[in-house]
Amino acid sequence: MKVIIIGGVAGGASAAARLRRLDEKCEIILFEKGEHISFANCGLPYYVGEVIKEKEKLLVQTEEGFSRRFQVDVRVCSEVKLIDRKQKSIKVIDLEKGFKYEESYDKLIIATGAYPVGEKIPGAELENIYTIRDIPDTFRIKDFVDQKKPKRAVVVGGGYIGLEIAENLMHRNISVTIVDMADQLISAIDKEMASFVQAYLDRLGVKFYLEDGVKSFEQNKKKLVVHLTSGREIEADMIVLGMGVRPRIELAEEAGLVIGCTGAIQVDEHLMTSDPDIYAVGDVIEVIDFINHQPAYIPLAGPANKQGRIAADNVCGRKSKYRGTQGTSVVKMMEMTIAATGNNEKILKKKSIPYEKSYTHSGSHAGYYPEVTPISIKLLFDPHSGQILGAQAVGFSGVEKRIDVLATAIRANMTVFDLEELELAYAPPFSSAKDPVNMAGYVASNIVKGDHDVAHWHEIDEMKGKNCVIIDVRTPQEFEEGSIPGAVNIELDDLRDRLDEIPKDKTILVYCKIGLRAYIAYRLLENSGINNIFNLSGGWSTYQPAVTSYCDMFEDVGV
C-alpha cells in the first residue's frame with residue numbers, strides 16, 4: 001500500500017508515525033510545502049519573547065531524524081498543486097529545484113492546515129507587518145525585535161494567538177496595543193469572564209480597543225499607522241496579525257471534495273472525506289462539536305494529533321472513530337491563566353440549547369497557606385439534569401488543573417452532582433478540602449435542586465425596575481469600598497435582628513462578595529417566611545468587573 005500525506009506538523013506527522021507503527025511495509029511519502037515537517041507551532045511566540053532561547057528546541061522532528069526512525073520518504077519544500085482523484089495521483093512542484101512531477105497513491109491524507117486571517121487587509125504587505133504561523137515567520141519577528149529594538153507594537157486580534165504574542169512582546173519591553181472587532185478579548189470565554197483579563201491587562205498598562213476593526217495599514221515615514229474603522233489611528237513600530245486562522249482547503253475544493261458549512265473539509269467519524277480513499281485531519285477539517293453535536297471549526301493542536309492517529313488507523317483497516325472536539329484550551333498572559341472547555345454561553349444561545357450557569361470564586365489552595373489566589377469558575381449546565389455543558393476559569397494558579405478535571409468530566413458525560421463527589425488530591429499547598437471543582441459542583445447542584453434561585457449580573461438593571469430590594473450582606477467596610485447602586489447594607493450577622501426591615505411584598509436580591517454569605521442569607525430569609533428571593537451568582541466579584549469598561553479609558557491612541 002502506498003500512502004501520501006500532504007502536510008506535516010501535528011496532524012500529518014502524527015499520521016505518518018502511526019502508519020509506520022501499524023505497517024512496516026507500507027510506502028509512505030510526506031509532502032511539506034515549508035522547510036520543516038514537525039515543529040512546535042504553539043511554542044513560536046515564546047521564542048520571540050526569549051522564554052525559549054534556542055531555536056533548535058522549536059523543531060520536534062527534523063527531516064533526517066523522522067525519515068530514519070520511521071522510514072518515511074519526507075519531501076520538504078515540495079508543494080502539492082493538484083489532486084487527481086480519477087487517476088489517484090497528485091501533481092507536485094519542487095520549490096527548490098523548480099521541477100514538476102506526479103506521484104500516485106492508494107490512500108491520501110490531507111493535512112494542509114490553515115492560513116492566518118488578515119493577510120488581505122489593505123497594506124498588510126508592508127514591511128514590519130507580520131503573521132506568526134510558522135518558523136520563518138517567527139524568525140523574521142525575532143530578528144526585527146533583536147536588531148531594531150521597537151518600542152511600540154500593535155497586535156491585531158485579542159484571542160489566544162494575539163494574547164500570546166502580546167505577552168512575549170511585553171517580555172521584550174515593547175509597549176503593546178491590542179485591537180479586536182469583538183466586544184471582548186478571548187472569544188472562547190464569555191464577556192464577564194473576559195472582564196477579569198481586561199482588568200488585569202489594564203493594570204499592566206496594555207491598551208486595547210474593542211468593537212473596532214482594522215480598515216487599513218499605512219507607512220508614514222519610519223512609522224506604521226493602523227487605520228481603524230472608527231476613524232482612530234494608532235502609530236507603531238511593528239504590527240502582528242493574530243486574528244486566528246482559516247482552513248487551507250484549495251486542494252480539496254479543486255479536487256471536488258465536499259466542503260462543510262463551516263468552510264472546512266467535511267469528514268465522517270472515521271475522518272474520511274467524500275472520497276473513500278482520501279482522509280483529512282487537523283486545522284483543515286470540520287469537526288463535530290462534542291457538546292451540541294453540530295459541525296464546527298475548532299483548530300487546536302491536541303485534536304489534530306489525535307486525528308492523525310485515527311486517520312492512520314482507518315487507512316490500515318482499523319475502524320477507529322473521532323468522537324468530536326470539545327474545544328479545551330488554555331492561554332497564559334503574564335501571571336494570569338485563562339482556560340475553557342465545552343460550549344460557552346454564546347454558543348449555547350446560538351444553538352438554542354437550554355442551560356443554567358453558576359459562578360464561584362475559590363482559593364487556589366488552602367486560605368491559611370501563603371500566596372493563595374482566587375480561581376473564578378463559570379460552569380454551564382443543563383438546568384434539569386445537571387449535565388455539564390461547558391466551563392471557563394480565570395486566575396493565577398491551578399486554573400489549568402481545574403479545567404482539565406472539568407474537561408474530563410464533560411468527556412465522561414458527568415453531571416454537576418458528580419462534581420460534588422469527585423475525590424481530588426488535597427494538601428494545603430495545592431488545594432482545599434473542598435476543591436474549587438467541588439465548590440462549583442455544590443453551587444450548581446443547589447441551583448438544579450432548587451435550593452435557591454439565582455440572578456445573574458446582567459439581570460440586575462431589569463430587576464431594579466420590578467419592585468426589587470437589593471440587600472448587600474457584606475461588612476460595612478466592604479460596602480463602602482464599592483456596591484451595586486441602590487443596594488441596602490445589612491451585614492449577614494445582623495440579618496436575624498433586622499428581619500422586620502425586609503419587605504415581604506417585594507422581590508429580594510441578596511449578594512455578598514462571592515455568593516456564599518448571600519446563600520446563607522437566602523436560606524435564613526426563606527426559613528423565616530420571606531419568599532421571592534434571589535442570590536446574585538458570583539456576587540460582587542462577578543458583577544463589578546463585568547459592568548466595568550476598561551477600553552473606553554483610552555482616548556489618545558496616536559503619538
Side-chain angles (χ1 to χ4, degrees), residues 189-190 192-193 289-293 326 340-362 375-393 402-424 432-460 462-463 507-512 514-527 530-539 541-543 546:
I189 62 177
D190 290 313
E192 71 277 20
M193 298 301 287
D289 187 301
F290 186 80
I291 303 297
N292 60 55
H293 312 297
Q326 65 193 71
T341 188
N343 283 180
N344 57 36
E345 190 171 355
K346 297 185 290 287
I347 294 174
L348 294 173
K349 282 183 177 178
K350 184 178 180 181
K351 302 296 183 182
S352 299
I353 298 172
Y355 70 92
E356 184 53 273
K357 57 190 175 183
S358 65
Y359 302 92
T360 52
H361 305 277
S362 305
I375 297 177
S376 299
I377 295 177
K378 178 178 182 177
L379 199 61
L380 295 149
F381 48 92
D382 184 282
H384 305 294
S385 69
Q387 178 119 14
I388 307 165
L389 304 174
Q392 301 155 38
R402 273 63 186 211
I403 282 294
D404 281 344
V405 172
L406 291 164
T408 304
I410 288 174
R411 185 62 61 159
N413 293 313
M414 295 172 73
T415 69
V416 296
F417 305 109
D418 294 313
L419 298 184
E420 294 180 287
E421 299 180 9
L422 287 180
E423 186 177 330
L424 303 173
S432 298
K434 294 178 181 178
D435 187 85
V437 172
N438 298 131
M439 292 301 298
Y442 293 138
V443 172
S445 296
N446 285 341
I447 295 171
V448 176
K449 288 184 290 189
D451 286 349
H452 70 150
D453 292 323
V454 294
H456 298 294
W457 65 272
H458 54 84
E459 298 172 326
I460 302 303
E462 183 181 353
M463 293 183 73
T507 299
I508 306 298
L509 174 70
V510 291
Y511 79 94
C512 61
I514 63 173
L516 177 58
R517 283 174 287 176
Y519 174 63
I520 297 170
Y522 182 106
R523 302 304 304 162
L524 189 161
L525 292 172
E526 186 173 68
N527 291 330
I530 297 173
N531 299 309
N532 205 21
I533 315 163
F534 293 87
N535 180 3
L536 177 60
S537 184
S541 292
T542 296
Y543 175 86

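FYI, the numbering just counts along the sequence from 1. Excluded from the calculations below are hydrogen atoms, water molecules and symmetry mates; all remaining heavy atoms, backbone and side chain alike, are included.
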task = Apply side-chain contact (heavy atoms from CB on, under 4.5 Å) to the pair Val454 and Leu536, showing each step before the final yes or no.
result = CA-CA 6 Å; Val454 294; Leu536 177 60; over 6 Å; no

ask   = What distance do Ile388 atom CD1 and Asn413 atom CG have between them, rounded to the nearest 0.5 Å?
value = 9.5 Å

task = Over all heavy atoms of both residues, which pair between Ile377 and Ala393 is shortest? Give the atoms and the distance, please.
result = CG1-CB, 4.1 Å

Set of residues satisfying salt bridge (Lys or Arg N to Asp or Glu O under 4.0 Å) with respect to Asp190, sequence neighbours excluded = Lys346, Lys378

task = Identify the two heavy atoms, one from Phe417 and one from Ser385, that lie closest to each other, and give their separation to 0.1 Å.
result = CE1-O, 3.7 Å

query = Can you name the residues that form a side chain to side chain donor-acceptor pair (under 3.5 Å) with Tyr355, not counting sequence neighbours?
reply = Glu345

Reported CG-to-OG distance for the pair Leu379 and Ser445, which is rounded to 0.5 angstrom = 9.0 Å

inquiry  = Please give me the minimum heavy-atom distance between Ser362 and Met439, naming the atom from each residue.
reply    = OG-CB, 3.7 Å

inquiry  = Minimum heavy-atom separation for Leu419 and Gly441, please, with both atom names.
reply    = CB-CA, 3.7 Å

ask   = Donor-acceptor pair, Glu459 side chain versus His456 backbone, under 3.5 Å?
value = yes

ask   = Any idea which heavy atoms bring Asn344 and Ile347 closest together, and the distance?
value = OD1-N, 2.9 Å

inquiry  = If you apply the rule side-chain contact (heavy atoms from CB on, under 4.5 Å), what do you find for Asn343 with Leu380, and how did you get there?
reply    = CA-CA 8 Å; Asn343 283 180; Leu380 295 149; over 6 Å; no

ask   = How far apart are the closest heavy atoms of Ile447 and Phe381, and which atoms are they?
value = CD1-CZ, 4.2 Å

remark   = NZ (Lys351) and CG (Asp289) are apart, to the nearest 0.5 Å, by 7.5 Å

query = What residue among Tyr519, Tyr442, Phe534 forms ring-ring contact (aromatic ring centres under 6.0 Å, His included) with His452?
reply = Tyr519

request  = For the residue pair Ile410 and Gln387, establish whether any side-chain heavy-atom pair is separated by less than 4.5 Å.
outcome  = no

query = Who are the side chain to side chain donor-acceptor pair (under 3.5 Å) partners of Ser537, not counting sequence neighbours?
reply = none

Between CG on residue Leu516 and NE2 on residue His361, distance to nearest 0.5 Å = 12.0 Å

Flag if over 12 foreign heavy atoms under 6.0 Å of NZ, Lys449 = yes

request  = Please step through side chain to side chain donor-acceptor pair (under 3.5 Å) for the pair Asp453 and Asn535, ending with a clear verdict.
outcome  = CA-CA 6 Å; Asp453 292 323; Asn535 180 3; over 6 Å; no

task = Would you please name every residue forming a side chain to side chain donor-acceptor pair (under 3.5 Å) with Asn438, sequence neighbours left out?
result = none

ask   = Going through the distances and angles, do Glu192 and Tyr543 end up as a side chain to side chain donor-acceptor pair (under 3.5 Å)?
value = CA-CA 8 Å; Glu192 71 277 20; Tyr543 175 86; over 6 Å; no

ask   = Do Ile460 and Leu509 have side-chain heavy atoms sitting under 4.5 Å apart?
value = yes

note = Residues at least two apart in sequence or cross-chain that pass side chain to side chain donor-acceptor pair (under 3.5 Å) with Thr415, listed by chain then number, are Asp418

request  = Give, for atom CZ of Phe290 and atom CG of Leu389, the distance between the pair rounded to the nearest 0.5 Å.
outcome  = 11.5 Å

query = Donor-acceptor pair, Arg523 side chain versus Asp451 backbone, under 3.5 Å?
reply = yes

task = Measure the CD-CG distance between Glu356 and Leu348 for me, rounded to the nearest 0.5 Å.
result = 11.5 Å

query = Is there side-chain contact between Val448 and Val416, with heavy atoms separated by less than 4.5 Å?
reply = yes

task = Sequence neighbours left out, what pairs pass salt bridge (charged side-chain N to carboxylate O under 4.0 Å, His left out) with at least one residue falling in residues 432-445?
result = Arg402-Asp435

key: Leu422 and Met414: CA distance, side-chain angles, deciding distance, side-chain contact (heavy atoms from CB on, under 4.5 Å) verdict   = CA-CA 11 Å; Leu422 287 180; Met414 295 172 73; 3.6 Å; yes

